[in-house]
Amino acid sequence: PTPYNPKLFSLHTKDNRLLFSYKSKLFEYRNGSIIEHSFPKTIISIQEDQEGNTWVGLARGGVYFFENGILTGKPQVFLKDFSVSHMLFDNENGIWASTFEKGIFYAPFLNYFIFSSQAELSSSIAGITSFGNHIYVATSSNFIYAIDKANQVKELPYYKEANLQTKINF
């Protein structure tokens, strides 16, 4: 399957809304009613940061940022030509964005995304997560990397059987 196959994505927000998507539609369920929001491209991720802002990633359409999770407001759009597959918000309020086309982007604060120049992180990223003091990145070519606080990247060894397709899910 391609990264753009329509899937159902969902998010239970801090203010007790349920957001779920299919293709280019985002449905917002609150207090027994559903509001439909349309996007120009297929939705491939929905996330909420520590402040309750909502981030909606699109296939080759960037990521839409809705302040305070207000989906009827005018969004800011970041990384416009990329497929933002995942957003990660670290404990220092940094923003990490993984893309299928160019790997990892990092923003130490909103409106300032930096492309990772490290070759390991500039390919198709399947997932990104944090644990302890590290950010972990899985690529679509089945490599796993750990990034420490000094931004040092280290490939993590793991067992790959020759005839076994490894799937990495976060």
Side-chain angles (χ1 to χ4, degrees), residues 1-118 121-131 135-140 147 149 151 169-170:
T2 68
Y4 309 123
N5 280 350
K7 294 181 179 178
L8 177 71
F9 292 95
S10 65
L11 170 69
H12 185 230
T13 64
K14 293 176 175 103
D15 64 352
N16 207 29
R17 293 175 297 140
L18 176 64
L19 304 179
F20 56 98
S21 70
Y22 185 70
K23 296 186 179 181
S24 62
K25 303 284 185 190
L26 180 64
F27 302 94
E28 179 179 15
Y29 177 77
R30 179 195 296 227
N31 299 327
S33 63
I34 295 178
I35 300 169
E36 180 181 311
H37 305 275
S38 295
F39 287 81
K41 300 200 176 177
T42 301
I43 296 169
I44 59 172
S45 64
I46 310 169
Q47 290 168 271
E48 183 178 50
D49 63 23
Q50 299 95 319
E51 279 82 48
N53 302 310
T54 301
W55 299 77
V56 180
L58 305 181
R60 294 196 182 273
V63 62
Y64 283 56
F65 167 81
F66 293 92
E67 192 168 4
N68 299 317
I70 300 170
L71 299 175
T72 54
K74 182 170 174 51
Q76 291 184 53
V77 182
F78 301 103
L79 306 171
K80 290 182 183 181
D81 296 323
F82 300 110
S83 303
V84 178
S85 57
H86 192 82
M87 301 290 293
L88 179 72
F89 311 98
D90 66 27
N91 59 4
E92 296 175 355
N93 292 321
I95 304 165
W96 300 76
S98 65
T99 69
F100 290 127
E101 296 84 7
K102 289 286 186 183
I104 299 279
F105 288 82
Y106 173 72
F109 48 86
L110 196 61
N111 292 322
Y112 189 71
F113 279 90
I114 303 167
F115 172 65
S116 172
S117 61
Q118 303 204 14
L121 304 178
S122 63
S123 63
S124 182
I125 303 298
I128 182 171
T129 192
S130 65
F131 183 74
I135 302 291
Y136 295 91
V137 177
T139 69
S140 59
I147 306 168
K149 283 201 170 267
N151 285 326
N169 293 313
F170 289 105

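Computed over heavy atoms, backbone and side chain alike; hydrogens, waters and symmetry mates excluded.
Taking Ser85 as the reference, Ser98 meet the side chain to side chain donor-acceptor pair (under 3.5 Å) condition, with sequence neighbours excluded.
Residue-environment remark: CG (Asp81) stays at or below the threshold of 12 foreign heavy atoms within 6.0 Å. More than 12 heavy atoms of other residues, nucleotides or ligands sit less than 6.0 Å from atom NZ of Lys14.
Rounding to the nearest 0.5 Å places CD of Glu36 at 12.0 Å from CD of Glu28. Note that CD1 of Ile46 and CZ of Phe20 are 9.5 Å apart. Values are rounded to the nearest 0.5 Å. Here the OG atom belonging to Ser38 is positioned 3.0 Å from the NZ atom belonging to Lys25, to the nearest 0.5 angstrom. From Phe66, atom CZ reaches atom CG of Leu26 across 7.5 Å, with rounding to the nearest 0.5 Å. Taken from CD in Glu67 to CD in Gln76, the straight-line distance is 7.5 Å, to the nearest 0.5 Å. Interatomic distance, CG of Leu88 versus OH of Tyr136, reported as 12.5 Å (0.5 Å rounding).
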Does the pair Arg30 and Ile35 meet the rule for a side-chain contact (heavy atoms from CB on, under 4.5 Å), with working shown?
CA-CA 8 Å; Arg30 179 195 296 227; Ile35 300 169; over 6 Å; no
Could you go through the side-chain contact (heavy atoms from CB on, under 4.5 Å) check for His37 and Thr72 one step at a time?
CA-CA 8 Å; His37 305 275; Thr72 54; 4.1 Å; yes
Give the intermediate values and the outcome of ring pair (Phe, Tyr, Trp, His ring centres under 6.0 Å) for residues Phe82 and Phe105.
CA-CA 11 Å; Phe82 300 110; Phe105 288 82; 5.3 Å; yes
Mind running side-chain contact (heavy atoms from CB on, under 4.5 Å) on Leu58 and Ile43 for me, showing each step along the way?
CA-CA 4 Å; Leu58 305 181; Ile43 296 169; 3.7 Å; yes
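Side-chain contact between Val63 and Val77 is absent, with no heavy atoms from C-beta onward closer than 4.5 Å. By the 4.5 Å heavy-atom criterion applied to side chains, Ile44 and Phe100 are counted as neighbours. In this structure, Leu19 and Leu71 have side chains that are in contact, with non-hydrogen atoms separated by less than 4.5 Å. A 4.5 Å side-chain heavy-atom check between Tyr29 and Ser10 finds every atom pair outside the cut-off.
The main-chain N or O of Glu51 is found under 3.5 Å from a side-chain atom of Asp49 such that the two form a donor-acceptor pair. Distance alone, capped at 3.5 Å, is enough to place a donor-acceptor pair between the Asn53 side chain and the Asn68 backbone.
Phe89 and Trp55 have tilted rings, their planes meeting at an angle from 30° to 60° on a 0 to 90° scale.
Heavy atoms only, all atoms of each residue included: Ser45 and Gln47 are closest at CB-OE1, 4.1 Å. Listed here is the closest heavy atom pair of Ser24 and Lys41: CB-O, 3.3 Å. The minimum heavy-atom distance between Ala97 and Val84, with the atom names listed, is CB-CG1, 4.3 Å.
No hydrogens or angles considered: nothing links the side chains of Thr42 and Lys23 as a donor-acceptor pair under 3.5 Å.
When each of Asp90, Ile147, Ile95 is paired with Tyr106, the side-chain contact (heavy atoms from CB on, under 4.5 Å) condition holds for Asp90 and for no other.
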